[in-house]
Amino acid sequence: MPELPEVETTVRGLNAKIRNRIFVGLWSDWKKTVKKPRSFAQFEKELHGKKVQRVWRRAKNVIIDLSEGYSLLIHQKMAGHLLVGRWHQESGRWISDERGPLDEKINLYIHLLFTFDDGSMMALSDYRKFAKAELWKTDELLRSPEFIQLGPEPLDKQFTVEKFETVFHRKRGKVKQVLMDPYVIAGIGNIYSSEALWWAKINPFKDVSQLSKKELAWLYTAVQKVLAAGVKLRGESFADYRDVHGKKGEFDTERKVYKREGELCSRCKRAKILRVKIGGRSAFYCPYCQKA
DNA sequence: TGCAGTGTTGCTTC
DNA sequence: CGAAGCAACACTGC
């Protein structure tokens, strides 16, 4: 579900709510969510008593830095939601104490529930059970290969158009797939790659090695534009993304091609948006604006 | 009923 | 050996 803007929205929400809180309790009905340490009991034991220092994001990972040099990493994968609030259990189900957007549906899929020292809680809801939680020593996480190998952050000030060109010229393959490769550039998934390519007027099938310098510059600008708009609008909730309070994002007003197959392109008004398969995923584009 | 799905990984094949 | 392709993960909703 979440791509960079959605994860960023979640991270900002967590920072406002759980800083300085101390982990005192843990509940789970799907312990496989915890991947590290291997043993759930060990995870629970090591987490207990740790204080939240700050929450940040790398690619689509939420990282909660803790006292004593620990970091809790959570990846929401396709359908995970991180929520904060208070819940109580009724006949085996978690019920939100608050009225409003944290409705019953999302609560049904809570598989991991952390309790803090002040009685507030952080829940990981995930109807597909793909999300993962890992407890690391912070320095080990930062030195781990899977972390080091991640591509640059597209919204970093240091991520210049020159860096973008360098990163892309090293690769080959369909530009759509390369954009979604977290080891090439971080945080871009199926929605924002489709949107960026539409803004840049680039055909998603085009091989990255065939992109002109001009096209690379357009794509660089488009990637930053759609991601920044996504963050500003607090994410895309076309599917089921919600922020930590269960609220929807507003990026849907900006959605130009994703899941719009058959609709007239809003820019050229001469062609209908196509849906095709690239690398096993659906890609959406305007065959007129984004000629091969 | 069948299939697609916001992501990533790891296995197989070339 | 590297790259590419694809199943697997597990479940809901159209």
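Throughout, protein chains are lettered first and strands after them, A, B, ... in sequence-line order, and every chain is numbered starting at 1. What's counted below: heavy atoms across the whole structure, side chains too, no hydrogens, waters or symmetry copies.
- Contact annotation for A:Lys171: no contact, since no heavy-atom pair falls under 4.0 Å across all strands.
- Ranking B:dA4, B:dG7, C:dG13 by closeness to the A:Glu3 side chain, first place goes to B:dG7.
- Checking B:dA4, B:dT8, C:dA10 against the side-chain heavy atoms of A:Ser282 singles out B:dA4 as nearest.
- Nucleic acid contact for A:Lys35: none, since no nucleic acid atom lies under 4.0 Å from a heavy atom of the residue.
- Of all nucleotides listed (C:dA10, B:dT8, B:dA4), B:dT8 comes nearest to the side chain of A:His75.
- The listed nucleotides are B:dT8, C:dC11, B:dT9; the one nearest the side chain of A:Arg128 is C:dC11.
- Taking atom CG of A:Leu4 as the reference point, atom P of B:dG7 lies 11 Å away to the nearest angstrom.
- Between B:dT8, C:dT12, C:dC9, one nucleotide has an atom nearer to the side chain of A:Phe130 than all others, and that is C:dC9.
- A tilted orientation is assigned to the rings of A:Trp30 and A:His111, their planes being inclined by 30° to 60°.
- Residue contacts for A:Phe238: at a heavy-atom cut-off of 4.0 Å it reaches no nucleic acid atom on any strand shown.
- Nucleotide C:dG5 holds its P atom 7 Å from the CD atom of A:Gln177, rounded to whole Å.
- For the OP1/OP2 pair of C:dC9 and a distance below 4.0 Å, the side-chain nitrogens and oxygens of A:Lys77 include no atom meeting the criterion.
- Rounded to whole Å, atom P of B:dG7 lies 7 Å from atom CE of A:Met180.
- If you measure from atom CG of A:Asp181 to atom C1' of B:dT8, you get 10 Å, rounded to the nearest angstrom.
- Residue A:Arg281 contributes atom CZ, which lies 15 Å from atom P of C:dG5 at whole-angstrom precision.
- Between A:Trp199 and A:Trp218, a ring centre-to-centre spacing not shorter than 6.0 Å is recorded.
- Taking the charged nitrogens against the carboxylate oxygens, A:Glu195 and A:Lys256 have no contact shorter than 4.0 Å, which rules out a salt bridge.
- Among the atoms of the strands shown, only primed sugar atoms or phosphate atoms (P, OP1, OP2) are found under 4.0 Å from some heavy atom of A:Tyr109.
- Comparing the P positions of C:dT12 and B:dT8 gives an interatomic distance of 22 Å, to the nearest angstrom.
- For B:dC3, the paired nucleotide is C:dG13, the pair qualifying as Watson-Crick or G-U wobble because both relevant distances are below 3.5 Å.
- Side-chain nitrogen and oxygen atoms of A:Lys129 include none within less than 4.0 Å of the OP1 or OP2 phosphate oxygen of C:dC9.
- Among the atoms of the strands shown, none is found under 4.0 Å from any heavy atom of A:Gly280.
- A donor-acceptor pair under 3.5 Å is absent between the side-chain atoms of A:Asp65 and the main chain of A:Ser71, judged by distance alone.
- Counting only distance, with no hydrogens or angles, the side chain of A:Lys176 and the backbone of A:Asn190 share a donor-acceptor pair below 3.5 Å.
- Note: CD (A:Gln76) to P (B:dG7) measures 11 Å, nearest angstrom.
- Which of C:dC11, B:dT8, C:dC9 sits closest to the side chain of A:Lys32 comes down to C:dC9.
- With C1' as the reference atom, B:dA4 and C:dA7 are 15 Å apart, rounded to whole Å.
- Between A:Tyr192 and A:Phe251, a ring centre-to-centre spacing shorter than 6.0 Å is recorded.
- Rounded to whole angstrom, the span from the OH atom of A:Tyr183 across to the P atom of B:dG10 amounts to 8 Å.
- In this entry the distance linking NZ of A:Lys105 with P of C:dT12 reads 9 Å, nearest Å.
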